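For clarity, every value in this text was computed on a predicted model and none was experimentally measured. Letters A, B, ... mirror the listed sequences (proteins, then strands); counts begin at 1. No hydrogens, no waters, no symmetry mates; every other heavy atom, side chains included, goes into these values.
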There are 2 protein chains.
Amino acid sequence: MQFASRLDAIETSAIRELFKLLGKPGIISFAGGFPDSAMFDVDGIRAATERALSQDPGAALQYGATEGYLPLREQLAAFMASKGVQDAAPEQLIVTTGSQQALDLIGKTMISPGDKVIVEGPTFLATIQCFRLYGADIVTAPIDGDGVQTDVLEQLIIEHRPKLIYLIPTFGNPSGATLSRERRLRVLELAAQYQTLVVEDDPYGDLYFNAAPPPSLLALSSQVPGSRDWLAHCGSLSKVLSPGLRVGWLMAPPALLANAVMCKQFSDAHTSTFAQAVAAQYLQAGRMPATLAHVRQVYAERAQTLCDALRAQLGDAVEFVQPQGGLFVWLRLTGAGGKEHNAHALAQRAIERGVAFVPGAPFFAQNPDPATLRLSFATADVEKIREGVARLAQALNAA
Amino acid sequence: MQFASRLDAIETSAIRELFKLLGKPGIISFAGGFPDSAMFDVDGIRAATERALSQDPGAALQYGATEGYLPLREQLAAFMASKGVQDAAPEQLIVTTGSQQALDLIGKTMISPGDKVIVEGPTFLATIQCFRLYGADIVTAPIDGDGVQTDVLEQLIIEHRPKLIYLIPTFGNPSGATLSRERRLRVLELAAQYQTLVVEDDPYGDLYFNAAPPPSLLALSSQVPGSRDWLAHCGSLSKVLSPGLRVGWLMAPPALLANAVMCKQFSDAHTSTFAQAVAAQYLQAGRMPATLAHVRQVYAERAQTLCDALRAQLGDAVEFVQPQGGLFVWLRLTGAGGKEHNAHALAQRAIERGVAFVPGAPFFAQNPDPATLRLSFATADVEKIREGVARLAQALNAA
């Protein structure tokens, strides 16, 4: 059977091979990118489900508008407004089947084969692959602890005239980095100046530990004339409420949104109205602030535990910037003291010692840094985190 | 903003314009393609939801495998086995976000720009658009009351060497036609002989009124050596259980399935685990047979009422084959007695008189027949059906 030529753009993922080993009993995993299911507000979701099925079961179980279930769009618009987005209205966003689908619809709507797309190096692996399936030629912009380097970004825009720029400005995956307020304003200026679409992927922005991060690009766009016309924003309920609902959203300029709706019609017709009705009831019940507060507190403690343990047990063999939110610590093996500085090799030995993580190289669309790796602190409790780092230290010392 | 070139393949739908008028109060609609929400088994779904959230809430609300939630895949495999599919195993199917996504994944996985795809004329509009977004060049094979004409189909295969052939063999949308058993076997022979993928879309096969239709192509493939290697089957819970769950599935040869999973990973990661867990619990509780029996009985009565009224009130101004299942009657305006024979013109006048239907022309990828139209008998009760046909007769007589 001859498959479509677009599949040639996708490499078999190195991560996939490692994930196969994760089923081993007793493994402590820093590898996942998902929230801790023990923190799901099951009672709140159960109550929301009961209301959805008693108030209007016909609507919750029937086909729905491709744009999304209106009561949910209203709740999501209010949620965005509460985070500083001006003129956030239901008709400016569509509901997507997780924010992954928002990315897919952006790819389908925007990217012609051969179009250049700029992403951060490193960035979310599934975005790279998603855009490559639509023929994107991916260009990488370097980041540091303050996110993408905007001076280099401008040079890349001039050189490549990209179709779009994809950023995770807040608590990036895998980097954990957060784009500074100054750079955010600069990105918005670049979008307006070069009339280039910027896609802001923001699944982690609500997961801050102490001070709130800078406002989203979308919220700041009111300060940079013309920038909102070149800005798409992807949101998600997956990291706080529940990934299993598969509810995300896309805010974008009207013409882009209309084309994304047309594409979505032929992608999955609409997102589960049942899941949307449950999410709408949940948000309407006002449970989100308490859930968020709980999640932030737990993740903050785990992040602190992980970073403390890394410093204590791995010392100068690693370097990292302590994240202020999100789910991830991005580590670089320094090779100090002659220790292992190849993350893929370390991952193999770590699995043998009962701890798992994801090597960083696959997160780079270009010029992978083999010394990097990603640790998630979301799903292991503090005891397990300490034990996991101890095992990691053993693996590193065994090199 | 410059959008992707693939969007140029899509025309603004004539149907979309008509749907805008459907909000008019008092309209009797034969236009929809959806089941009657009054027949949803809300109690059964509520009970299934409670079990899903009490037995393993973590699994129901967490990220899940791209292939689908295993307990649901097991239930769906058993469901397919009960319909005569040999060796139906969970690993031979993946769960999709409605069967629309199964079509999208087939397009993404199989179709390179310029590839020929054969569909029935007429066929499901969203399939044509879905495949065109992947660059398909659509070729139409003619149908009659016994489904696609296999002799012409073979000539088209020889002439066009298509990447795939898309059929709705049972109670087709919009035609209502059912492929005869003889022709089914012939289609399977053609698939094996010409090594051409046949996609069987089967959302309506369970909705038969009296005698069961011939077995699906998938079930019959065991009788035609080599044919199963060239057969993909799309199933759906939307027409019987609930469209709002957005649960469909794709059964296909292993290599195609593996590529579809890879594409799905970047399309929406996975279908809502929450919806999947509810569907799995529902099927496991054994409620499907009673629900199916109820739905069949109600739709059979409505179909009979519609066909009787059409014969009585429209007489020789229309011709149609009475469907033995599904949701649709496919009508052709004969123009007898000088009456209107353009369905689009009739649709406009019908809306003014308070009855809506969908003209048939947009369902043809090539050579549209402007005299055709589609009537759904699913959502109006028998009283409304009679009144709707009376209004249709008025609209026709006003020509």
Engineer: Look only at the side chain of A/Ser5 and the backbone of B/Ser112, and say whether a donor-acceptor pair between them is shorter than 3.5 Å.
Structural biologist: no
Engineer: So, for A/Pro243 and B/Leu61, which heavy atoms are closest and what is the spacing to 0.1 Å?
Structural biologist: CD-O, 3.0 Å
Engineer: Quick one: does A/Arg6's side chain have a donor or acceptor within less than 3.5 Å of a partner on B/Ile111's backbone?
Structural biologist: yes
Engineer: To check you understand the geometry: which heavy-atom pair defines the closest contact between A/Leu7 and B/Thr109, and what is its length?
Structural biologist: CD1-O, 3.7 Å
Engineer: Side chain from CB out, backbone as N, CA, C, O: work out which of these in B/Gln276 comes under 4.5 Å of a heavy atom of chain A, or both, or neither.
Structural biologist: neither
Engineer: Can you name the nearest heavy-atom pair linking B/Leu256 to A/Met1, along with the distance?
Structural biologist: CB-SD, 4.1 Å
Engineer: Quick one: closest heavy-atom pair of A/Gln2 and B/Met110, and the distance?
Structural biologist: O-CE, 3.6 Å
Engineer: Between B/Tyr134 and A/Tyr134, what is the ring plane arrangement, given parallel below 30°, perpendicular above 60°, and tilted in between?
Structural biologist: parallel
Engineer: How far apart are the closest heavy atoms of A/Met262 and B/Ile10, and which atoms are they?
Structural biologist: SD-CG2, 3.5 Å
Engineer: Which heavy-atom pair separates A/Leu53 from B/Thr49 by the least distance, and what is that distance?
Structural biologist: CD1-OG1, 4.1 Å
Engineer: Just by distance, do the side chain of B/Gln100 and the backbone of A/Ser267 share a donor-acceptor pair under 3.5 Å?
Structural biologist: no
Engineer: Go through A/Glu50, A/Arg46, A/Lys108 and name the one with the most non-hydrogen pairs under 4.5 angstrom from chain B.
Structural biologist: A/Lys108
Engineer: So, the side chain of B/Gln62 versus the backbone of A/Pro35: is there a donor-acceptor pair under 3.5 Å, distance only?
Structural biologist: yes
